[in-house]
Amino acid sequence: MAKYVVFDGMDGSGKGTQMKLLEEKFGDSIVFTREPGGTPFAEEIRKIIRDNPLAGKSTALNNFLLFWAAREELQHNLVVPALKVGKHVFSDRGDSSTYAFQIWGEEHKELSHLFNLMRKHVFLERQKPDLYIVFDLPAEVARERAMQDASREKNHFDTRGLAYYKRVRKGFREFAEHMPVEFIDATRSPEKIHRSVLMALAKNMIIPELALVVD
Ligand code: TMP
């Protein structure tokens with residue numbers, strides 16, 4: 001059975017490096033994608049959300065809905081078709097981000113009910129993620145790294161204070177109360193983190209054969 005795995009974490013957690021390592025290891029045998037984005041239309045929505053300053057000025061509800069709009073598009077046109085033909089899907093971010101960033105980070109708890117509804121509708125008759133792998137960092141380290149990363153184009157997500165990062169981390173922890181989440185200590189070297197990711201994929205029966213090569 002094909003599995004759907006979401007990789008998530010705070011900006012600066014090294015998630016990008018880990019996704020690259022996984023792509024190098026598994027290549028075309030797995031469908032790699034990202035949120036927001038992953039299909040032509042969802043990539044257009046990504047541009048609006050991330051790069052258009054008007055999005056930053058819009059309401060919390062609008063931003064929340066835009067993330068879900070991109071997700072619906074991705075589910076319908078990429079995730080479900082891939083799973084149907086038996087291919088695993090590994091996604092860079094997913095609904096765990098909406099929960100951690102919009103509901104917790106930006107303190108819009110009033111959207112929790114809608115979050116559950118959107119989840120039911122967007123994942124309805126389809127497949128919810130089988131596993132979330134969250135690259136975990138102390139808020140101080142995450143913020144420092146995000147600020148120092150000169151290669152990152154600064155957008156309106158990159159100008160937050162420490163309290164915001166703390167809330168986001170708490171958001172991921174709350175998410176894990178109800179969902180299948182594996183936290184990976186992202187303060188370590190990329191090699192060690194990669195190994196932990198492979199172990200998590202084996203342990204959670206995403207790619208059980210990996211248990212033979214990592215222990
Ligand atoms: P990234 O692709 O470089 O990780 O950037 C995506 C940004 O969008 C990142 O700052 C997290 C944010 N985001 C949300 O706030 N909510 C979401 O639901 C998703 C998928 C991403």
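Note that ligands are numbered from 1 as they come in the structure, with each ligand's atoms numbered from 1 the same way.
- Taking 4.0 Å as the cut-off between side-chain N and carboxylate O, Asp11 and Arg93 count as a salt-bridged pair.
- Both tests pass for Arg173 against the ring of Phe183: distance under 6.0 Å to the centre and angle within 45° of the axis.
- We find that Arg160 and Glu106 are joined by a salt bridge, their nearest charged nitrogen and carboxylate oxygen being less than 4.0 Å apart.
- A salt bridge is defined here as a Lys NZ or Arg NE, NH1 or NH2 lying under 4.0 Å from an Asp or Glu carboxylate O, and Lys47 with Glu43 fails to meet this definition.
- Any N or O atom pair closer than 3.5 Å counts here, and Arg46 shares at least one such pair with ligand 1.
- The ring pair (Phe, Tyr, Trp, His ring centres under 6.0 Å) analysis of residues 8-50, with sequence neighbours excluded, yields the pairs Phe32-Phe90.
- In the vicinity of Arg71, heavy-atom distances shorter than 4.0 Å reach the ligand 1 atoms 18 (O), 20 (C).
- Under a 4.0 angstrom heavy-atom cut-off, Arg34 registers as lying outside contact with ligand 1.
- Polar contact check, Asp92 against ligand 1: no nitrogen or oxygen pair lies under 3.5 Å apart.
- Atoms of ligand 1 found under 4.0 Å from any heavy atom of Lys15 (numbered from 1 in listed order, with element): 4 (O).
- Within ligand 1, the atoms closer than 4.0 Å to a non-hydrogen atom of Pro36 are 20 (C), 21 (C), numbered from 1 in the order shown.
- Here the shortest heavy-atom distance to atom 3 (O) of ligand 1, taken over Glu35, Arg160, Glu106, Arg50, belongs to Arg50.
- Among residues two or more places apart in sequence or in another chain, the ring pair (Phe, Tyr, Trp, His ring centres under 6.0 Å) test is passed with Tyr132 by Phe175.
- Contact annotation for Asp11 and ligand 1: only side-chain heavy atoms (C-beta onward) come within less than 4.0 Å of the ligand.
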